[in-house]
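For reference, the structure discussed in these notes is given below.
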Amino acid sequence: MRDSKVIAERLLEWYDRHGRVLPWRVPPGGGAADPYRVWLSEIMLQQTTVAAVKSYFERFTGLWPTVDDLAAAEDAHVMAEWAGLGYYARARNLLACARIVSKAGGFPRTREALQALPGIGPYTSAAIAAIAYDQPETVVDGNVERVVARLHAVETPLPAAKPELVALAQKLTPQARPGDYAQAMMDLGATICAPRNPACGICPLIDECDAHRLGIAATLPRKAPKTAKPNRSGIVWVARQGDGLLLEERPAKGLLGGMLAFPSAGWDGRDLPPPGQADWREIGEVRHVFTHFNLSLQVMLGELTGPAQRGHLVPLRQIDRDGLPGLMRKVWDVAHAEIVA
DNA sequence: CAACCGTGGGG
DNA sequence: TCCCCAAGGTT
């Protein structure tokens with residue numbers, strides 16, 4: 001019990017001096033955090049690096065300063081702005097959540113009610129409750145798992161170790177400054193207690209760390225071995241007609257769900273024919289790595305000789321590369337180079 | 001509960 | 001080049 005108090009105190013003291021300055025973070029003494037900005041940043045940060053999120057967060061808050069603004073936005077606009085960030089279910093859930101919250105007149109304040117909203121799970125609900133509402137909820141993300149596993153030298157591999165790590169993290173959570181404490185744990189994990197080369201020499205918790213004492217800090221947390229990624233392949237068609245290219249909206253669920261894309265087949269469980277009649281010729285190949293498989297796509301280019309079977313034509317100058325998911329940006333780059341040439 | 005779901009950067 | 005992984009959630 002006294003141990004946890006020392007840890008929280010040292011961590012907060014370190015955070016006050018070395019905490020990161022981030023666009024969604026209220027500096028010490030800057031007043032209460034805006035729940036909308038906390039929520040938005042937490043959704044964007046799910047499995048995504050701080051560096052990647054920054055520009056997206058600035059753009060979203062510029063376009064939609066409040067949850068009511070976001071709730072009123074058009075689906076396609078939000079999806080296009082999210083393009084490139086990945087995990088597109090987050091964007092769909094983001095809009096669904098914004099509309100529920102806007103209609104309700106604001107975000108709920110309890111962790112339980114927050115977690116009932118789409119896209120908000122155990123981590124995010126605790127983070128919002130702690131950071132925006134100053135409630136002593138225990139926030140457990142990948143950083144906290146690592147810090148706690150090291151502090152207590154937990155050698156059980158993840159994900160089996162998760163319940164144990166959550167229980168240990170709960171015992172460490174202080175009643176005072178829960179939001180700062182949560183962010184301090186994550187900052188420590190991101191900057192000092194790093195996955196590969198932990199900077200134990202400058203860690204404020206070095207005296208409390210069992211793993212460091214045992215000389216095994218860098219090896220924790222242990223993780224179950226991963227299975228190899230299979231290779232998949234398929235075809236993507238860039239269909240021209242007049243000065244336009246054929247684009248389609250992907251099915252709402254599944255890979256790149258709800259995103260704008262060139263018609264494709266053979267790699268995502270759909271085995272569709274070409275989107276129209278044309279003298280197709282291969283102009284290149286695109287490789288892409290998804291979470292659970294590697295992909296190689298043959299890029300076909302052709303001038304439609306009849307009506308398009310699916311999708312809609314978009315004038316070349318009107319196609320927004322930034323509004324496409326990463327995979328389709330690669331396809332666009334190959335096709336655009338060929339068309340311009 | 002294990003599989004599914006993106007992308008870019010770093011060692 | 002390859003592997004790891006980053007403020008996870010949903011089904």
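Each chain gets a letter, A, B and so on, in the order its sequence line appears, and its residues count up from 1.
- The span of DNA chain B lying next to chain A, judged by atoms under 4.0 Å from heavy atoms, is bounded 5' to 3' by B:dC4 to B:dG10.
- Every side-chain contact (heavy atoms from CB on, under 4.5 Å) that A:Asp207 has, sequence neighbours left out, goes to A:Arg10.
- Salt bridge A:Asp180/A:Arg177: present, at least one basic N to carboxylate O contact under 4.0 Å.
- Under the side-chain hydrogen bond (donor to acceptor under 3.5 Å, both in side chains) criterion, A:Ser125 pairs with A:Arg111, A:Gln115, sequence neighbours left out.
- The two residues A:Leu246 and A:Gly311 come nearest to each other via the heavy atoms CD1-C, 3.8 Å.
- Of all the residues in residues 138-156 of chain A, A:Asp141, A:Gly142, A:Asn143, A:Arg146 reach under 4.0 Å from DNA chain C with at least one non-hydrogen atom.
- Between A:Leu117 and A:Lys229, the residue whose closest nucleotide on DNA chain C is further toward the 5' end is A:Lys229.
- Protein chain A contacts DNA chain C from C:dC4 to C:dT10, reading 5' to 3' and using non-hydrogen atoms of the protein with a distance under 4.0 Å.
- As judged by a 4.0 angstrom heavy-atom cut-off over every strand, A:Pro159 is placed among residues making no nucleic acid contact.
- Considering only residues two or more places apart in sequence or on other chains, A:Arg317 meets the side-chain contact (heavy atoms from CB on, under 4.5 Å) condition with A:Asp243.
- Inter-residue side-chain proximity for A:Val289 and A:Leu295 is flagged as unmet; no heavy-atom pair is nearer than 4.5 Å.
- Judged by distance alone, the side chain of A:Arg90 and the main-chain N or O of A:Ile43 form a donor-acceptor pair under 3.5 Å.
- Across C:dA7 and B:dC5, the matching P atoms stand 23 Å from one another, rounded to whole Å.
- Of the possible polar contacts, none joining the A:Arg281 side chain to the A:Gly302 backbone as a donor-acceptor pair under 3.5 Å is found.
- A cation-pi contact, defined as under 6.0 Å to the ring centre and within 45° of the axis, links A:Arg59 to A:Tyr56.
- Under the 3.5 Å distance criterion, with hydrogens and angles disregarded, no donor-acceptor pair is assigned to the side chains of A:His292 and A:Lys229.
- If you check residues 173-188 of chain A against DNA chain B, you find no residue with a heavy atom closer than 4.0 Å.
- Looking at heavy-atom distances under 4.0 Å, A:Trp39 makes no contact with the nucleic acid at all.
- Taking the six-membered ring where tryptophan is involved, the planes of A:His18 and A:Trp14 are tilted, since the angle between them lies from 30° to 60°.
- When every heavy atom of A:Val334 is checked against every heavy atom of A:Gly284, the shortest pair comes out as CG1-CA, 4.3 Å.
- Residue A:Lys226 is the one, among A:Pro118 and A:Lys226, whose nearest nucleotide of DNA chain C lies closer to the 5' end (criterion: closest heavy atom).
- A:Gln46 and A:Tyr123 form no side-chain donor-acceptor contact under 3.5 Å, judged by distance and modelled atom types alone.
- Note on ring orientation: taking the six-membered ring where Trp is involved, the planes of A:Phe293 and A:Trp267 are tilted (angle from 30° to 60°).
- Annotation: proximity of residues 81-98 of chain A to DNA chain B (heavy atom, distance under 4.0 Å) is found for A:Gly84, A:Leu85, A:Gly86, A:Tyr87, A:Tyr88, numbered in ascending order.
- Of the N and O atoms on the side chains of A:Arg25 and A:Gln183, at least one donor lies less than 3.5 Å from an acceptor on the other residue.
- Side-chain atoms of A:Leu172 and A:His152, non-hydrogen and from C-beta on, do get closer than 4.5 Å to each other.
- In this structure, A:Leu22 reaches the bases: a heavy-atom distance under 4.0 Å links it to at least one base atom across the strands shown.
- Contact check of residues 41-50 of chain A against DNA chain C (heavy atom, cut-off under 4.0 Å) returns A:Glu42, A:Leu45, A:Gln46, A:Gln47, A:Thr49, A:Val50.
- Interatomic distance, A:Met300 CE to A:Phe262 CZ, rounded to the nearest 0.5 Å: 15.0 Å.
- A donor-acceptor contact closer than 3.5 angstrom links the side chains of A:Ser296 and A:Glu285.
- Residues from residues 253-265 of chain A lying near DNA chain C, meaning a heavy-atom separation below 4.0 Å, are absent.
- Between A:Trp332 and A:Leu247 the shortest side-chain heavy-atom distance does not fall below 4.5 Å.
- The ring pair (Phe, Tyr, Trp, His ring centres under 6.0 Å) search around A:Trp64 returns A:Phe60, A:His77, not counting sequence neighbours.
- Residues passing the side-chain contact (heavy atoms from CB on, under 4.5 Å) test with A:Pro221, sequence neighbours excluded: A:Arg146, A:Ala149, A:Leu158, A:Lys223.
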